[in-house]
Amino acid sequence: MNSPRKWYDFLITNDLKGYLCHGCRLDTSLLKEISKSDNILVGLGPDFVIQNDKNRLIDDPIPSYLSVLSSYLPKEKIAFDIDYCYMDGDDSFIERIVSSLPESYVNFVMGLNASSFFGLDDVLL
């Protein structure tokens with residue numbers, strides 16, 4: 001049920017577009033496949049909780065969860081997201097995400113990717 005691989009396989013088999021959360025639990029073999037897929041976007045949050053609870057991860061985050069995500073996925077494949085109940089008391093999550101990603105990723109991850117993926121390019125906020 002909590003398998004990013006099963007969800008990925010379902011999306012690919014049915015030729016569906018999908019958003020997979022929690023950094024796909026850092027399944028690096030899956031991240032390699034997603035990097036070549038046009039149909040999948042990966043949400044990165046809640047980074048702090050995932051980084052610090054090894055039971056949530058398929059692969060160990062060496063050197064860190066966010067750096068592993070950015071090393072396996074191009075900047076167009078990652079989107080900012082949070083799991084709101086886990087963000088309580090984590091006031092530095094934006095700064096941590098921005099400082100942990102390569103500079104070339106920041107604008108894509110913090111908004112451009114979600115806007116493009118969900119077809120919001122022409123929506124005025």
Side-chain angles (χ1 to χ4, degrees):
M1 182 172 173
N2 191 14
S3 167
R5 167 63 68 186
K6 288 182 182 178
W7 283 110
Y8 173 82
D9 290 343
F10 173 80
L11 294 169
I12 296 302
T13 299
N14 293 288
D15 195 28
L16 297 171
K17 188 174 181 177
Y19 182 80
L20 298 176
C21 298
H22 303 131
C24 293
R25 298 181 59 213
L26 221 55
D27 181 339
T28 55
S29 67
L30 179 57
L31 294 174
K32 287 177 191 175
E33 291 180 48
I34 290 171
S35 73
K36 301 171 193 158
S37 167
D38 293 329
N39 295 13
I40 310 294
L41 186 63
V42 176
L44 60 75
D47 69 302
F48 187 74
V49 172
I50 296 169
Q51 172 76 38
N52 291 304
D53 184 352
K54 306 298 187 220
N55 293 323
R56 296 176 183 267
L57 299 172
I58 293 172
D59 292 330
D60 197 20
I62 301 170
S64 76
Y65 171 82
L66 291 170
S67 64
V68 170
L69 272 181
S70 63
S71 70
Y72 279 88
L73 295 173
K75 63 186 176 202
E76 299 83 8
K77 302 299 292 175
I78 306 171
F80 171 78
D81 87 296
I82 58 172
D83 197 336
Y84 70 91
C85 62
Y86 290 104
M87 303 315 290
D88 190 30
D90 186 3
D91 297 330
S92 63
F93 69 95
I94 298 280
E95 293 85 11
R96 184 178 55 252
I97 290 167
V98 169
S99 67
S100 297
L101 294 171
E103 187 176 335
S104 63
Y105 276 57
V106 173
N107 286 335
F108 286 89
V109 171
M110 298 307 285
L112 294 175
N113 290 339
S115 178
S116 175
F117 189 78
F118 293 110
L120 302 173
D121 292 329
D122 297 326
V123 176
L124 296 176
L125 301 176

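All values derive from a computational prediction rather than experimental measurement. Note that these values count all heavy atoms, side chains included, but never hydrogens, waters or copies made by symmetry.
With rounding to the nearest 0.5 Å, the separation of SG in Cys24 from OH in Tyr8 is 9.5 Å. In this structure, Glu76 CD and Asp38 CG are separated by 11.0 Å, a value rounded to the nearest 0.5 Å.
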Would you give me the side-chain donor-acceptor pairs under 3.5 Å for residues 103-111, sequence neighbours excluded?
residue, atom, partner, partner atom, Å
Tyr105, OH, Ser70, O, 2.9
Tyr105, OH, Leu73, O, 2.7

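Using bins of under 30°, 30° to 60° and over 60° for the plane-to-plane angle, the ring pair Tyr19/Phe117 lands in the tilted bin.
The heavy-atom pair separating Arg96 from Leu66 by the smallest distance is O-CD1, 4.2 Å. In plain terms, the two heavy atoms of Ala79 and Leu41 that are nearest each other are CB-CD2, 3.7 Å. The shortest heavy-atom contact between Gly23 and Leu31 is O-CD2, 4.0 Å. In terms of heavy atoms, Arg56 sits closest to Arg25 at O-NE, 2.8 Å. The shortest heavy-atom contact between Leu44 and Asp81 is N-OD1, 2.8 Å.
Cluster annotation: Leu112 is not connected to Val98 through the hydrophobic network of ILVMFWY side chains, with a link wherever side-chain heavy atoms come within less than 4.5 Å.
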Would you please test Lys77 and Asn113 for side chain to side chain contact (heavy atoms under 4.5 Å, CB included) and show each step? CA-CA 7 Å; Lys77 302 299 292 175; Asn113 290 339; over 6 Å; no

Checking side chain to side chain contact (heavy atoms under 4.5 Å, CB included) for the pair Leu57/Tyr65: CA distance, chi angles, key distance, verdict? CA-CA 9 Å; Leu57 299 172; Tyr65 171 82; 4.2 Å; yes

Worked verdict on Asn39 versus Asp15 for side chain to side chain contact (heavy atoms under 4.5 Å, CB included): CA-CA 8 Å; Asn39 295 13; Asp15 195 28; 3.5 Å; yes

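Side chain of Ser64 to main chain of Ser67: a donor-acceptor pair is present (N/O by atom type, distance under 3.5 Å, no hydrogens or angles). At least one donor-acceptor pair under 3.5 Å links the side chain of Ser71 to the backbone N or O of Val68.
Of the candidates Leu30, Thr28, Asp27, Asp27 is the only one forming a side chain to side chain contact (heavy atoms under 4.5 Å, CB included) with Ile58.
Put simply, the side chain of Leu16 reaches to within 4.5 Å of the side chain of Leu11, judged on heavy atoms. Ile34 places none of its side-chain heavy atoms less than 4.5 Å from the side chain of Pro4.
Residues passing the ring pair (Phe, Tyr, Trp, His ring centres under 6.0 Å) test with Phe10: none are found, sequence neighbours excluded.
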